[in-house]
Structures are given as structure tokens and as C-alpha cells.
Colleague: 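This structure is in C-alpha cells; I'll ask about it shortly.
Order of listing sets the numbers, starting from 1, for every ligand and every atom in it.
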Amino acid sequence: MPNPKKPPGRPKVSAPPGGADAASRRPGGPDAALRKLGLERDIDLALHLPLRYEDETRIVKLRDAREGDTVQIEATVTDCQIQYRPRRQLVVTVDDGSDTCVLRFFSFYPSQQKSLAVGAHLRIRGELKGGFLGWQMVHPGWRAAGGELPQALTPVYSTVASLPQAYLRKAVASGLERADLRETIPPDAPPAPGDATAWPLRRALQFLHHPTPEVSLAALEDRSHPAWLRLKAEELLAQQLSQARSRREHDALRAPTLQAGPGGLHEQLLAALPFRLTGAQRRVSEEIAANLQRDRPMHRLLQGDVGSGKTIVAALAAAIAIDAGWQCALMAPTEILAEQHFRKLIGWLEPLLAPRGLRVAWLTGSQKKKERQAMLELVASGEAALVVGTHAVIQEQVQFKALALAVIDEQHRFGVEQRLALRGKLRDGGEPHLLMMSATPIPRTLAMSYYADLDVSTIDELPPGRTPVVTKLISDNRRDEVVERIRAQVAEGRQVYWVCPLIEESENLDLTNATATHEALGAALPGVMVGLLHSRMPGPEKKAVMSLFTGGQMAVLVSTTVIEVGVDVPNASLMVIEHAERFGLSQLHQLRGRVGRGAAASACVLLYSAGDSGRLGETARARLKAMAETNDGFEIARRDLEIRGPGEFLGARQSGAPLLRFADLLTDGPLLEWARAAAPAMLDRHPGLAEQHVARWLGGRQDYLKA
Ligand code: ADP
Ligand code: MG
């Protein structure tokens, strides 16, 4: 019903939160909506911070207002009439002494019309639109003028339709009142940057929910206000505490100690290599070797840009494990990768293993039953010192005799369960050492905050003699020029990749089908062998195509993204990526890494198509721009984080793990450093406070993923 006394813009409140009112608890009622928003405990409500604020503390003069402002005015009605064009509406003109404003209501009750009669003095709140006919507000909130103004800004919370803002405001206010907000940050914690811990938690929260009007809205919006800093420091500390705890749990585990002996397999392998390790490779190898000597399981990420030479580092680690009488497992995300990528590695190791009566076993999903059985026996007897394969390596039937080291290549492509399964493969209850490899470097702040339980080794140097890849963005309607480029490269004896988006999606999304591209290129390049590789091809056929390309007979390989990882053909000098706008940034970078592996000048062409709209989307444009501007994997990763945000960046690993709600890894590095330093001391000296702190922030979500 109309109610002129109602405060502007506020719907009727049916019941106080937490009250026994049956209507509020029925499914679809406001309490159900609160639960849906995850606002169950008092602390959850207290931490549900406003999206923005409305300033109802001031009365503004129309003369001083700007277009688009949401303002509160007090004015007198000078005209009130119903108009019928373009549709029925109540049109009310008000004057506040400085200017006039027209209020429009498209639905209204007769009694409303009455209280908006000429002469009424009103407090009106709404968004100002300026037309050349003067100020207007559509459906403003209004009540009789006069009465006290609130002292604080009015919070606006994110909510859902079934949960009115006014109800939520009350719920939050009483949650804030009741919540246990005792200080948990110990007095002996180091002072946080920006004086973030100067504000007590209760005060900070009270302030953020109900800031005083003189506060800088900019400081609230960009979260640089000390109250915000306090909250972010709290949140980061909780995360670091939970990370430090899982790190300690991990440290309590035991693993075999593995030591590289003089004259052993490790030295033999080094001596047999056709190249010298780069300084970075030597350094990370030493880090890994030192880690393997300890009786704690290694949990290390080896990151290095595409082509930086991670495989040999893994092989050297494997040599140490094998030399000590243990087995090593190597797992890659695809069969092609498992084959291509580790071929060299096996080429290096197998001749050294044979004289010792040891072998390399293969395990892949497509194996014949008999072959697989034979491999499983080799693994179980321990004769297979090295076990290479896809996720088939971790299936239940695979029993290792003595697994000491597991290497996971392209770790981000494996799910958490798969990594956990690999860790459970050691017979006597201990843990194998774990080395994960990735060409997608994790930005430092991200590593610190989500992978604090992980050691990181970084190869920051490419082997000598590589030429940087030149990246070109070319519109799809200039395909002909690209075909000319291919012709020129092939004439020089070089090889070319042409990558198409996934064939599965091609029908639905109207993408160029790899098959059609293959045919078109074959026709445009007579006398040139153009091959096709896609994920639906049977394994042996894939193998045959790959070996023609790696052998150099095939000049052009049209492929879906199956070549994304691991293929190493140094003679390839041109990479064409079709519909590049549809690929993720790290995927593009990985693909580009397939060229520039030899001495020849190499190029990557990103063919893009803006589609019907004629415009690329904003993120697609940002990705392509990043590709054109840098070859540096770390910079790419940083931009990827910027474009996608950490949630997506982390992928499978973080599903269910608490993401940061308040802190921002891009801007809150110093606070993160502080939290990281403060957490271990707090666990040692104030375990009770640490417990409380983590419970407050993470609630039921503290089961951090430990894989
Ligand atoms: P990624 O880090 O992408 O897995 P790879 O391990 O496949 O890289 O190495 C890329 C190529 O560089 C391989 O052909 C490898 O044999 C070669 N390589 C690795 N280390 C060196 C080095 N120190 N000097 C010269 N070539 C190297
Ligand atoms: Mg690799």
C-alpha cells in the first residue's frame, strides 16, 4: 500500500532476521536467500561488505547536482498531472528553490497522487537525468520533507531478488552486533604495511558498513582506506595460516632419501648429453638434488618457459632416484606428449639403464591388454626403473615396487585427484617425492598465496642459439598472404604448423573445420605434403602423421590443439593459429613455443576473426595484444592473471578452495608479504588465536587442497 512516510527507496520490512516468523523461513523466503548467499553465521553477515553506499546524510540543491548523480533533495510540488503520452504516467514537477525537476511514475495509486499534490513538501531521492527540458527522475523514492538525516552513509549490499535490501541491512547490522570480533592478531605480530592493523577489527567493520559521510568515497571504492587494509590483512593472514599449517602437515610426512653418488647414473647422464646445461638448469637441478636428499617428500614446481629445457632436469632427478635403487614415474597429459616429449629422455637414459638390467616401461590408455600386462609386471617387479605414460600410470592396478619420485609434466592439466593418486603409490606408507613441471609460470604473488605449501624452482634462461619468435596479428580476411608466407618457408626447407580450434566444437560454433583447412591448404600448395592431426584420429594414425612431421618429410601440419604441448621439431619456423581470439593466453603462448626451437628466424601468425559484430571482445583483444607485445612467459602469466583473475587462473586446483574476497593479489603484495611472515610465528606462539582466526575467516572451507 502507498505509504508516504516510508523512507525513500526502502521496501517494507516483513520481519527482523533471526526472528521466528514463519514466512521468513519458508523456502524462497529471505532466510533461505541468506543461506543461499552463504550468510549463515553472524561473522558471515559481518563480513558481507557493502557493494557501494548511498549518501542520505545530505540534502543537495538541484543547482549543484550533476547528471547521473543519485541525490536527495527537498522540494515543493508545483504541478501534478496524469499524462497519457507516450503512456499513462503521473508527472510531478517540484521546485527546491534552486531549480525544478520532473518526477515520472508509470505505476501509482490514487492515494500516492494525492500525497504528491501541489504544495506538498517532500524529501525525494533518485537518479538525476538531464534532458534539454531540465532535470528528471523516474520512480524516485520520496517521503514528507523534514525529519532527521542519518549520520552515516547507507550501505547497499549485493543481494538476490527474494532478499530485500532493507531486510539484508537489518540482518547484517544485527550479525555485526552479535559476531565475535575479538582481536586474533597477536600484539607481538609485526606491524602491517599501511598501518593496516592500527584499526581494531570491530571498528574497521563498523566503519565499512556505516562510514561517516566525510570519508573519501574513492578510498572506500579502491579499498585503500585503513579499514579496508585491516580487513585485507586479516583475510590474507587467515589464508597464510592455513597454508603454513598444511605445509607443516606435509613436512611431517616421510620420503626416501635419495643421494647422487659419484660416478653414478646422474654423472653418466650429464656426460652423455649432446649439450651443456644452462646456468639456470644447473641451478634448479641442484635445488632438486638437495631436496631429494632429505627424508621429507619434495613438493616442488619446476617452472620454465616453453623450450627452456625442463625435460633434462627431470631426467637428472630420475637418474638420482634410479641410482639409489628406486623407481621413477613420469606422467604427461596426453599420449602424444608422453611419446614425443619423453622420447629424448628415454634416448638418453635407456642406454645407461640397459647395462644395469633395468628398463623403461610405457603405460598408456590405448595399449593392448597383453602389452599392458607385460608392462605392469615390469613395474611391479621393479625391473622398470622408469615408468612413462599418461594418467594410465596412476590407475589402481599399477603397483610399483619402490616408487620414490613422481614427475608430472604440464601439471596444470592434471586434476587434483590425479596428483593425489600418484602420491599414494608408494608401497610402505611413505610418500614419493613430487616434481611438477609447468610452462605456465605462476606469478609470484599467486604462488605465495595459493601455493605457499609448494617450493618453486624457476628456469629463467633459454638454451643458447634460440631466436625470438616474431608475432603478427593478421585479420582472417588476409589468409591469402599467410598462405604465401607458408609457401616461402616451405621453399626454404622449413616446416609449418597450422593450428585450428577444437574440431568437436567446430560445427556448433561455426569454426573452420580442421579438415576443410587441410584440404584448402593442400590445394593451395601443390607438391607440398600437408598432414592433418586431430583428437578424433585413431592412435596409430596420429603416430604415423607425427613421425612424418618430426622426420621432416611432411612440410605442413594442420592440427587441432593436440600439438599444444611437447612437440619438439626444431626445423619448424612458422606457427599459424587460426581463430586465435578463441584461445586462452597461456595456450597461445604454449603453441607459439613450438617454433623458435632452432636457429632459424621464426614467426607466429595469429589469425583473428572479429565475427559478425565486426569487433573483437575486450578480453580477446587484450590477449592478442599481450601476445604481440611480449615473448616472456612470466609477463604473459602476469597479464593472464590480470585478464582472467586468480579464480580461473588456478583452474582445477582451487575448486572448493577459498579464493580471496577482499584482498587483491595485484595490488596487495605488501600485505601478502606481511601475512606470510607473520603466519608461522603466530602458529608457534599463539596456536589458539591462529585457530580462531582461521575458523573466523575460512569457516568450513579450511580443507585446503594439498595436492
Ligand atoms: P620444455 O621446457 O618446454 O619442456 P624441452 O625440455 O622440451 O623444453 O627442451 C627443449 C629443447 O631444448 C629440447 O630439444 C632439448 O633437448 C633442448 N635443450 C634442453 N636443454 C638444452 C641446453 N642446455 N642446450 C641446448 N639445448 C637444450
Ligand atoms: Mg616440456
Side-chain angles (χ1 to χ4, degrees), residues 266 269-288 300-319 330-351 388-390 407-414 435-442 456-469 495 497 546 549-552 561-573 575 586-600 602 604 631-634 636-637:
H266 184 264
L269 176 55
L270 269 181
L273 287 180
F275 49 74
R276 279 166 48 85
L277 293 187
T278 62
Q281 284 171 316
R282 258 200 307 279
R283 176 173 45 76
V284 300
S285 291
E286 279 160 18
E287 286 167 8
I288 292 166
R300 185 173 287 275
L301 177 70
L302 172 60
Q303 56 181 22
D305 211 344
V306 211
S308 61
K310 295 183 289 293
T311 320
I312 182 59
V313 175
L316 286 165
L330 283 157
M331 197 163 81
T334 67
E335 204 152 310
I336 291 254
L337 176 61
E339 287 218 30
Q340 296 287 322
H341 186 64
F342 293 124
R343 206 209 327 243
K344 267 192 193 158
L345 183 152
I346 291 157
W348 292 325
L349 273 174
E350 210 157 32
V388 176
T390 57
V407 179
I408 305 183
D409 196 20
E410 307 295 340
Q411 64 93 20
H412 58 282
R413 311 230 323 189
F414 285 97
L435 179 64
M436 296 178 268
M437 306 203 285
S438 175
T440 308
I442 305 172
V456 179
S457 289
T458 304
I459 306 183
D460 52 5
E461 179 187 358
L462 291 179
R466 301 275 165 85
T467 45
V469 180
Q495 288 166 278
Y497 294 102
M546 267 327 291
F549 192 69
T550 46
T561 47
V562 288
I563 61 145
E564 179 186 340
V565 282
V567 183
D568 187 28
V569 180
N571 188 46
S573 61
M575 163 71 65
S586 71
Q587 207 178 10
L588 288 173
H589 181 63
Q590 291 252 358
L591 286 169
R592 177 168 61 183
R594 297 303 116 208
V595 293
R597 306 196 139 220
S602 298
C604 173
N631 272 313
D632 177 351
F634 281 85
I636 294 274

Colleague: Against heavy atoms of Leu277, which atoms of ligand 1 measure under 4.0 Å?
Modeller: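 In order of numbering, the contacting atoms are 23 (N).
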
Colleague: Below 4.0 angstrom from a heavy atom of Thr278, which ligand 1 atoms are there? Numbered from 1 as shown, please.
Modeller: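 What qualifies from ligand 1 is 23 (N).
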
Colleague: Looking only at distance, does Trp348 have an N or O less than 3.5 Å from an N or O of ligand 1?
Modeller: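 Not met; the criterion fails.
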
Colleague: What atoms of ligand 1 come within less than 4.0 Å of a heavy atom belonging to Arg276?
Modeller: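 Near Arg276, meaning under 4.0 Å from one of its heavy atoms, ligand 1 has 22 (C), 23 (N), 24 (N).
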
Colleague: Do Gly304 and ligand 1 have an N or O pair less than 3.5 Å apart?
Modeller: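 Gly304 vs ligand 1: no N/O contact under 3.5 Å.
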
Colleague: Out of Pro274, Gly309, Pro570, who gets a non-hydrogen atom closest to atom 8 (O) of ligand 1?
Modeller: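 Looking at heavy atoms only, the winner is Gly309.
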
Colleague: For Thr278, enumerate each residue passing the side-chain hydrogen bond (donor to acceptor under 3.5 Å, both in side chains) test, keeping only those at least two apart in sequence or located in another chain.
Modeller: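 With sequence neighbours excluded, Thr278 shows a side-chain hydrogen bond (donor to acceptor under 3.5 Å, both in side chains) to Gln281, given in chain and number order.
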
Colleague: Apply salt bridge (Lys or Arg N to Asp or Glu O under 4.0 Å) to residues Glu287 and Arg283 and explain how you reach the verdict.
Modeller: CA-CA 6 Å; Glu287 286 167 8; Arg283 176 173 45 76; 3.6 Å; yes

Colleague: Applying the side-chain contact (heavy atoms from CB on, under 4.5 Å) test to Arg300, which of Val284, Val456, Leu435 qualifies?
Modeller: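 So, applying the side-chain contact (heavy atoms from CB on, under 4.5 Å) to Arg300 and each of Val284, Val456, Leu435, only Leu435 qualifies.
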
Colleague: For ligand 1, does Met437 get within less than 4.0 Å through its side chain, its backbone, both, or neither, judged by non-hydrogen atoms?
Modeller: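 The answer is neither.
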
Colleague: With sequence neighbours excluded, what pairs up with His589 under the side-chain hydrogen bond (donor to acceptor under 3.5 Å, both in side chains) test?
Modeller: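 Partners of His589 by the side-chain hydrogen bond (donor to acceptor under 3.5 Å, both in side chains) criterion, ordered by chain and then number, come out as Asp305, Arg592.
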
Colleague: Going by the order shown, which atoms of ligand 1 are within less than 4.0 Å of some heavy atom of Thr311?
Modeller: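 Every atom of ligand 1 under 4.0 Å from some heavy atom of Thr311: 4 (O), 5 (P), 6 (O), 7 (O).
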
Colleague: Would you say that Asn631 contacts Val469 through its side chain, given a criterion of any heavy-atom pair below 4.5 Å between the two side chains?
Modeller: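 A side-chain contact under 4.5 Å exists here.
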
Colleague: Distance from Thr550 atom OG1 to Asn571 atom CG, nearest 0.5 Å?
Modeller: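 With rounding to 0.5 Å, OG1 (Thr550) is 11.5 Å from CG (Asn571).
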
Colleague: Quick one: does Gly307 get an N or O within less than 3.5 Å of an N or O on ligand 1?
Modeller: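 Min N/O separation from ligand 1 is below 3.5 Å for Gly307.
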
Colleague: Hey, can you tell me if Trp348 and Phe275 have their rings parallel, tilted or perpendicular (30° and 60° cut-offs)?
Modeller: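 Trp348 vs Phe275 ring planes: perpendicular.
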
Colleague: Considering only heavy atoms of Ser308, which atoms of ligand 1 have at least one such atom less than 4.0 Å away?
Modeller: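 The list of qualifying atoms is 2 (O), 8 (O).
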
